[in-house]
Amino acid sequence: MPELPDVEGFRKVLDSCARGRRIARVEVHDAGVLRGVSTRRLRRDLEGRTFAEPERHGKWLLARTDGPTVLLHFGMTGGLLCCAPEDELAPHDRVTFTLVGGRQLRYRDQRKLKGLWLADEAAVARTLEAQGPDAASVGREEFDEALARRRGTVKSGLTDQSVLAGIGNLLADEILWRSRLHPARPARDLTDGERRRLHTEMRRVLRSSMKADRVPPRPSWLTGHRDDADPRCPRCGTPLQRDRVAGRGTVWCPHCQPAPS
DNA sequence: CACCATGTTAAACG
DNA sequence: ACGTTTAACATGGT
């Protein structure tokens, strides 16, 4: 699930569930999600701390406290939930933070592709340095600059987190479809008008997706038809094409998004 | 059993 | 040397 809108949803969960609350107890049910930190140190450094206002950059969630910061990345299957401590533990609940006042924050993840880091300010800065500007707030000049000097396809540029942070595979296809751009177009070849369209559509898609806390699989969106038996373009009815672009499964409309020459 | 999946990244490539 | 693409990661569904 997690692309920018999903992680923004997790930020809201963290904010409403834990902000201003003290951590009574940290439990690691599967240490496979801990990155560069032991269960012992996670507990020692966090128990007794109070969660502050959380931040998000791209697909990274920063759970700040009055001590160190927990960096969370959700891979393809992770999530953050606010539960009651007595709620039964789900099979993929990997780490739980029991808060003073009767709530429990849970990091749940099936595949364990990513996980949790414990970071001081310097480590937070190092992580964010490797990220491009946040896709939800990037201005048009910065967006243009990031894409125009890319050599590869426009899709690989959109989904490269060091170029632009937050866009994943589903979002990229949706944005390209709305912008009427073929995913395999070389990023450098886009005209100013095309790049402008891309930026506008990106912001538009992100705004609606963040409202839904996910990329909504609406019938009028490309995303709503990825898994159809006979997928057709919601705009013109042309059968959608599916292939590998930038190493990922990619869906586009061959009529609305003409192939590069 | 083979192949697919919304994540990143080390290694391979040109 | 450098940027881009591929293979690998852990796990489950089709």
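Proteins come first, then strands; the chains are lettered A, B, ... in the order of their sequence lines, and each starts at number 1.
Contact check on A:Asp173 versus A:Lys155 returns a salt bridge, with a Lys/Arg side-chain nitrogen under 4.0 Å from an Asp/Glu carboxylate oxygen. Of the charged side-chain nitrogens involved, at least one lies within less than 4.0 Å of a carboxylate oxygen, so that A:Arg56 and A:Asp134 count as a salt-bridged pair. The existence of a salt bridge linking A:Glu55 and A:Arg64 is confirmed by a sub-4.0 Å separation between a basic side-chain nitrogen and an acidic carboxylate oxygen. A:Asp93 and A:Arg106 are joined by a salt bridge, as a carboxylate oxygen and a charged side-chain nitrogen come within less than 4.0 angstrom of each other. Salt bridge absent: A:Asp109 and A:Lys114 never bring a charged side-chain N and a carboxylate O closer than 4.0 Å. A salt bridge between A:Glu194 and A:Arg185 is present, with a side-chain N of the basic residue lying under 4.0 Å from a carboxylate O of the acidic one.
Side-chain N/O atoms of A:Ser156 include one lying less than 4.0 angstrom from OP1 or OP2 on C:dT5. Look at A:Lys114 and you won't find any side-chain N or O under 4.0 angstrom from OP1 or OP2 of B:dT8. The phosphate of C:dT4 has OP1 or OP2 within less than 4.0 Å of a side-chain N or O from A:Arg150.
Across all strands shown, A:Arg244 has heavy atoms under 4.0 Å from sugar-phosphate atoms exclusively, and none from any base. Looking at heavy-atom distances under 4.0 Å, A:Gly249 makes contact with sugar-phosphate atoms alone, never a base. The residue A:Arg226 sits close only to the backbone: its heavy atoms come under 4.0 Å of sugar-phosphate atoms, none of a base.
Geometrically, A:Arg180 does not engage A:Trp252 in a cation-pi contact defined by less than 6.0 Å to the ring centre and at most 45° from the axis.
The distance between atom CG of A:Leu80 and atom C1' of B:dG7, rounded to the nearest whole Å, is 16 Å. Distance A:Leu176 CG to B:dT6 P: 15 Å, rounded to the nearest Å. Rounded to an integer number of Å, the gap from A:Leu4 CG to B:dG7 P is 11 Å. Residue A:Asp109 contributes atom CG, which lies 12 Å from atom C1' of B:dT6 at whole-angstrom precision. Atom-to-atom, CD of A:Glu174 to P of B:dT6 comes out at 14 Å; the value is rounded to the nearest Å. Following rounding to the nearest Å, A:Asp6 (CG) and B:dA5 (C1') show an atom-to-atom distance of 14 Å. Atom NZ in A:Lys155 sits roughly 15 Å away from atom C1' in C:dT6 (whole-Å rounding). In this structure, A:Lys59 atom NZ and B:dT9 atom C1' are separated by 13 Å, rounded to whole Å.
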Query raised in the report: Which dot-bracket string describes DNA chain B (Watson-Crick N1-N3 plus N6-O4 or O6-N4, or G-U N1-O2 and O6-N3, all under 3.5 Å; [ ] crossing; | other strand)?
Result: .||||.||||||||
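Considering only side-chain atoms of A:Arg151, the nucleotide from B:dG7, B:dA5, C:dG3 that sits closest is C:dG3.
Between A:Gln131 and A:Asn169, the one whose closest nucleotide on DNA chain B sits nearer the 5' end is A:Asn169.
The distance between the ring centers of A:Tyr107 and A:Phe97 does not fall below 6.0 angstrom.
A:Cys233-A:Cys256 SG separation is not under 2.5 Å; the pair is not scored as a disulfide.
Using P as the reference atom, C:dA1 and B:dT9 are 23 Å apart when rounded to the nearest Å.
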Report task. Can you check each nucleotide of nucleotides 7-14 of chain C against protein heavy atoms at under 4.0 Å and return B for base, S for sugar-phosphate only, - for none, in 5' to 3' order? Result -> --BBBS--
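Side-chain atoms of A:Arg197 come within 3.5 Å of backbone atoms of A:Ser179 as a donor-acceptor pair (strictly under, hydrogens ignored).
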